Amino acid sequence: MILVTGGAGFIGGNFVLDWLAQHDEPVINLDKLTYAGNLDTLASLKDDPRHLFVRGDIGDRELIARLLAEHRPRAVINFAAESHVDRSISGPGEFIQTNVVGTFNLLEAVRGYWKELEGEAKQAFRFLHVSTDEVYGTLSADDAPFAETNAYEPNSPYSASKAASDHLVRAWHHTYGLPVLTTNCSNNYGPYHFPEKLIPLVILNAQAGKPLPIYGDGQQVRDWLYVKDHCAAIRRVLEAGRLGETYNVGGWNEKPNLEVVHTICAMLDELRPRADGEHYASQITFVQDRPGHDRRYAIDATKLSRELGWKPAETFDTGIRKTVAWYLDNQDWIDNVTSGAYRDWVATQYGA
Ligand code: NAD
Ligand code: DAU
């Protein structure tokens with residue numbers, strides 16, 4: 001079996017669902033269930049004996065050690081993190097605690113377990129750390145996309161905490177020989193995405209008749225990847241990635257934010273037109289920019305395609321159509337995540 005951390009979040013949840021749709025290999029899913037963790041995402045696995053959910057913290061070394069000793073997984077895949085840049089600006093403490101101290105404790109528990117393995121079990125064991133392109137900092141318009149050899153230049157408390165965790169993972173390989181793999185991925189989108197992030201926020205606000213907030217001039221560029229393509233990349237790296245290596249994962253889909261929002265508005269105009277006949281784009285509102293906002297991210301995923309044969313299956317056009325349709329079809333999931341804590345965050349971040 002495998003142990004997944006953060007498997008009630010956006011990417012981890014998609015990963016667990018896809019894994020069990022394709023394998024019979026069981027999953028232990030350890031998640032703290034912060035505001036971003038949602039068991040509704042895993043509702044279809046409620047009676048599935050291949051899925052064991054455990055509520056807990058990656059920083060709880062004793063709990064992890066106990067789970068490892070009891071279930072003896074062949075791999076640990078670490079998705080658990082505080083993941084939202086804006087929250088890291090208003091409250092960086094949790095990001096240091098989970099992303100840095102939590103990853104350290106997880107690594108130590110895993111090292112203790114791996115050290116005692118023998119023979120084939122020790123050879124085959126993997127620790128896969130899921131990270132972000134934001135560790136490389138920001139690009140100007142004519143810079144080449146981020147390669148694995150780019151220097152780390154994180155600019156936000158979030159990206160600095162992820163960079164620190166990547167360094168710990170690297171060091172645990174070089175110093176202790178822990179068999180690690182790291183993936184650095186660009187912006188994901190797709191089903192079960194918590195609506196604090198740009199794409200789901202815009203889909204929901206549009207339908208609720210609320211402003212669609214664009215930070216600054218909206219010309220910041222992100223490289224969008226459909227979440228299921230990211231999950232496929234992680235499965236492939238787990239299967240065949242070279243030990244100690246990092247692999248960049250990206251969609252070859254660079255888009256300015258304003259264009260992304262216009263695309264979503266046009267899709268909603270087609271699929272669920274406004275009752276008053278107006279276009280959703282009329283709700284676009286320019287708001288104050290994010291402090292230290294990175295201008296452009298772009299990933300060069302050549303290494304992953306050359307070495308491991310991975311390529312994204314979705315273009316932005318096909319992926320965003322699936323995503324908008326999913327949000328229109330899953331009102332129950334949306335109603336559950338947009339209660340209490342979510343409303344408090346929106347009020348704090350965007351004011352009245
Ligand atoms: P998310 O915020 O949706 O989910 C994070 C999950 O981790 C939640 O279920 C939460 O409850 C859990 N968690 C938080 N702290 C924990 C702790 N201390 N112990 C155990 N569980 C804890 O995040 P996501 O978007 O699914 O991102 C998953 C991973 O992928 C993160 O490491 C993130 O840095 C990375 N990543 C995300 C993106 C993206 O576009 N979303 C892109 C590249 C990399
Ligand atoms: O690049 C990978 C990263 O992508 C991940 O590591 C992070 O976990 C993930 O949250 C994401 O970070 P971003 O900051 O790029 O994603 P977000 O959806 O918050 O914002 C996308 C862009 O849209 C960014 O340029 C900021 C802008 N934005 C965002 C929000 C929430 C707006 O203009 N308005 C908004 O209301």
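Quick note: numbers below take in every heavy atom, side chains included, and nothing from hydrogens, waters or symmetry partners. As the structure lists them, so they are numbered: ligands from 1, and atoms in each ligand from 1. Because the structure is a prediction, the values reported are computed rather than measured.
Heavy atoms of Y158 found under 4.0 angstrom from ligand 1 belong exclusively to the side chain. When heavy-atom distances to ligand 2 are checked against a 4.0 Å cut-off, D223 has no atom that comes that close, whether in backbone or side chain. Residue-level proximity to ligand 1 for K162 is carried by the side chain, the only part with a heavy atom below 4.0 angstrom.
Applying the ring pair (Phe, Tyr, Trp, His ring centres under 6.0 Å) rule to H279 yields no partners; only residues at least two apart in sequence or on another chain are considered. Under the rule for a side chain to side chain donor-acceptor pair (under 3.5 Å), the partners of W172 that lie at least two apart in sequence or sit in another chain are E108.
The shortest N or O to N or O distance between C185 and ligand 1 is not under 3.5 Å. Annotation: I214 places no N or O atom under 3.5 Å from an N or O atom of ligand 2; distance criterion only. Below 3.5 Å of separation, one finds no N or O of E82 facing any N or O of ligand 1. Note: an N/O pair closer than 3.5 Å links D31 and ligand 1 by distance alone. Taking any N or O of R290, backbone or side chain, at least one lies under 3.5 Å from an N or O belonging to ligand 2.
Counting the atoms of ligand 2 from 1 in the order shown, those under 4.0 Å from a heavy atom of K197 are 10 (O), 18 (O).
Salt-bridge formation is not detected for the pair D31/R55: no Lys NZ or Arg NE/NH1/NH2 atom is positioned less than 4.0 Å from an Asp or Glu carboxylate oxygen.
Note on ring orientation: taking the six-membered ring where Trp is involved, the planes of W333 and W326 are perpendicular (angle over 60°, cut-offs 30° and 60°).
When the heavy atoms of P213, S83, G250, P211 are ranked by distance to atom 34 (N) of ligand 2, first place goes to P213. Residue H293 holds the heavy atom nearest to atom 24 (C) of ligand 2 of all those in Q220, R87, E134, H293.
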Legend entry - From CA spacing to verdict: side-chain contact (heavy atoms from CB on, under 4.5 Å), R87, E196: CA-CA 10 Å; R87 288 185 192 253; E196 64 186 354; 2.6 Å; yes
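From the protein, the heavy atom lying nearest to atom 16 (C) of ligand 1 is K32 CB, 3.7 Å.
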